[in-house]
Number of protein chains: 2
Amino acid sequence: MQLIERAFHHEREQLRQCGLKITTQRLIILKELMNHADHPTVHMIHEAVKKELPAVSVDTVYRTLLSFSEAGLCTVLDGMGEARRFDPKRTVHHHFICNNCGKIVDFACTEFDNLQLPSVFKKGFTVENKSVRLSGLCPDCNK
Amino acid sequence: MQLIERAFHHEREQLRQCGLKITTQRLIILKELMNHADHPTVHMIHEAVKKELPAVSVDTVYRTLLSFSEAGLCTVLDGMGEARRFDPKRTVHHHFICNNCGKIVDFACTEFDNLQLPSVFKKGFTVENKSVRLSGLCPDCNK
DNA sequence: TTATTAAATAGGAATTATTCTTATTTGTCA
DNA sequence: TGACAAATAAGAATAATTCCTATTTAATAA
Ligand SMILES: [Mn+2]
Ligand SMILES: [Mn+2]
Ligand SMILES: [Zn+2]
Ligand SMILES: [Zn+2]
């Protein structure tokens, strides 16, 4: 555990800032998540983490990634009929999802970001998230 | 089956226009779907259909609703980490999803509908669907 | 530093949504 | 009416996610 002690300065600091207890599992999971620009699933992160921590449980990966998203360290992309995907990109952006291969492509859309919400949501609702979702076929799947 | 023979004129016509074989199951499932303005799940439709057709299988409801969506008779709202929801509303609209109770609220957003897609998608991609997704708390869940 | 304690974890079972398999039934169309 | 492809029922299989419980561990106060 000396290795862990020495490294993971950045991860350690992020957890501390979020008030999350610092555990070996969390440090490694956080580092793995930040290494994946491709919206990884729990399964992908679990596989990667097992290389450094063979006994880590799938439940821990789930719990940890969900607590990261609650803490604002990442976001969750629910659905697509498939497994939940996690997104380490912290800046505002949107997603195109390929209906054939499931690939997720990030894009920006400032015009949309600047749109006012419909007035229905002015009262009573709390809108926590606002995003554009495109779907269709990616260039690879378009033959 | 005389009842089915006589009624379901509208459903029968819709199936015919889509080139879908007309079966008792499809007629009843279609009618039920159109009765639900609240984005029903497969389970909800299955329960409703069983009242008229007790032996209908869950697999048939799945298969049928998916073929309806392929035929354009409805759309599928994948995800939310929960069960797939089906949407009989045929006009362009968008959704707010309550993170607490799961309720889905329709809304229109013409300004968004009129936005140009980012230029990334001009070449190579085929964008089949384009929508806004809001999430947060609905008035009921906001205490 | 050490003892205390609440939080985190491993491991596996349970749950739930969805898909698959196979034998049987049913529309469609000639 | 008869042939045949398509649709269905029933239940098994698969996969994602959550739950349960005994054990371990990080934070912190003495
Ligand atoms: Mn992203
Ligand atoms: Mn809708
Ligand atoms: Zn693709
Ligand atoms: Zn709600």
Side-chain angles (χ1 to χ4, degrees), chain A residues 1-2 4-5 8 11-30 39-47 49-50 52-71 73 76-86 99 102, chain B residues 1-2 4-5 8 11-30 39-47 49-50 52-71 73 76-86 99 102:
Chain A
M1 216 125 288
Q2 276 303 92
I4 296 283
E5 210 49 51
F8 294 92
E11 289 77 14
R12 197 176 294 272
E13 188 51 30
Q14 291 204 277
L15 293 180
R16 182 170 295 129
Q17 283 178 8
C18 297
L20 291 173
K21 198 184 270 191
I22 294 168
T23 68
T24 306
Q25 289 87 343
R26 285 178 173 168
L27 290 171
I28 299 181
I29 291 170
L30 182 55
H39 310 87
T41 62
V42 167
H43 182 253
M44 289 161 74
I45 298 289
H46 187 219
E47 288 304 309
V49 170
K50 276 199 288 190
E52 302 187 58
L53 206 61
V56 72
S57 74
V58 62
D59 183 58
T60 293
V61 179
Y62 261 99
R63 221 176 341 93
T64 302
L65 289 173
L66 287 175
S67 66
F68 286 176
S69 75
E70 282 162 20
L73 292 172
V76 191
L77 306 185
D78 264 333
M80 295 105 226
E82 303 288 321
R84 196 172 283 173
R85 315 266 302 238
F86 290 85
N99 288 331
Chain B
M1 216 128 289
Q2 276 302 93
I4 296 284
E5 209 50 54
F8 295 93
E11 289 77 12
R12 197 178 293 274
E13 187 52 30
Q14 291 205 276
L15 293 179
R16 182 171 295 129
Q17 283 178 9
C18 297
L20 291 174
K21 199 184 269 192
I22 294 168
T23 68
T24 305
Q25 289 85 344
R26 283 179 175 167
L27 291 172
I28 298 180
I29 291 171
L30 183 54
H39 311 86
T41 62
V42 166
H43 182 253
M44 289 161 73
I45 299 288
H46 187 219
E47 289 303 309
V49 170
K50 276 199 287 189
E52 300 187 57
L53 206 63
V56 71
S57 73
V58 62
D59 183 59
T60 293
V61 178
Y62 261 99
R63 221 177 340 93
T64 302
L65 289 173
L66 287 175
S67 65
F68 286 174
S69 77
E70 282 163 19
L73 291 172
V76 191
L77 304 185
D78 264 333
M80 294 108 229
E82 302 289 320
R84 195 172 282 173
R85 316 268 300 239
F86 290 86
N99 288 332

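To find a chain, count down the sequence lines: A is the first, B the second, and so on, and within it residues start at 1.
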**Study point:** Rounded interatomic separation in angstrom, taking CG from A:Leu77 and P from D:dT17
**Key:** 12 Å
Point to revise | A:Glu70 CD to C:dA7 C1', straight-line distance once rounded to whole Å | key: 15 Å
Check your understanding: What is the distance from atom CD of B:Glu47 to atom NE2 of B:His43, rounded to the nearest 0.5 Å?
Key -> 4.0 Å
Review point. Looking at the side chain of A:Thr60, which of D:dA9, C:dC20, C:dT9 is the nearest nucleotide?
Key: C:dT9
Exercise for review: Supply the atom-to-atom distance A:Ile28 CD1 to A:Glu52 CD, rounded to the nearest 0.5 angstrom.
Suggested key: 5.0 Å
Practice item. Take the protein atom CZ of A:Phe8 and the nucleotide atom P of D:dA26, then report the distance between them rounded to whole Å. Key: 14 Å
Study note, to complete from the structure: When rounded to whole Å, the NZ to P distance for the pair A:Lys50 and C:dT9 reads 17 Å
Check your understanding: Taking side chain as C-beta onward, heavy atoms only, is B:Leu15 less than 4.5 Å from B:Phe68?
Key -> yes
**Study point:** Interatomic distance where CG belongs to B:Leu30 and P belongs to D:dA7 [whole Å]
**Key:** 15 Å
Exercise for review: Using heavy atoms to find the nearest nucleotide of DNA chain C for B:Leu66 and B:Ile22 separately, return the residue whose nucleotide is more 5′.
Suggested key: B:Leu66
Review point. Under 4.0 Å between a side-chain N or O of A:Gln25 and OP1 or OP2 of D:dT25?
Key: no
Check your understanding: Between the main-chain N or O of B:Leu77 and the side-chain N or O of B:Arg85, is there a donor-acceptor pair closer than 3.5 Å?
Key -> no
Review point. Between C:dT9 atom P and A:Leu65 atom CG, what is the distance in whole Å?
Key: 11 Å
**Study point:** Short side-chain N/O contact to C:dT9 OP1/OP2 from A:Arg63, under 4.0 Å
**Key:** yes
**Study point:** Interatomic distance, B:Tyr62 OH vs D:dA9 C1' [rounded to whole Å]
**Key:** 16 Å
Point to revise | Contact residues, residues 14-21 of chain B to DNA chain D [heavy atom, < 4.0 Å] | key: B:Lys21
**Study point:** B:Thr23 side chain, from C-beta outward: closest of D:dT18, C:dC20, D:dA7
**Key:** D:dA7
Check your understanding: Out of B:Thr60, B:Leu65, B:Leu66, B:Val61, which residue meets the side-chain contact (heavy atoms from CB on, under 4.5 Å) rule with B:Arg63?
Key -> B:Thr60
Review point. For A:Val58, which contact category applies under a 4.0 Å heavy-atom criterion: base, sugar-phosphate, or nothing?
Key: nothing
Review point. How far does CG of A:Leu30 sit from CD1 of A:Ile22, to the nearest 0.5 angstrom?
Key: 10.5 Å
Revision key, fill the gap. Per nearest nucleotide of DNA chain C, the residue lying toward the 5' end, A:Arg26 or B:Val42, is A:Arg26
Practice item. Kindly say if B:Arg84 contacts the phosphate of C:dA17, meaning a side-chain N or O under 4.0 Å from OP1 or OP2. Key: no
Point to revise | Donor-acceptor under 3.5 Å (A:Arg84 side chain, A:Val76 main chain) | key: no
Practice item. May I have the distance from B:Asp59 (atom CG) to C:dT24 (atom C1'), rounded to whole angstrom? Key: 14 Å
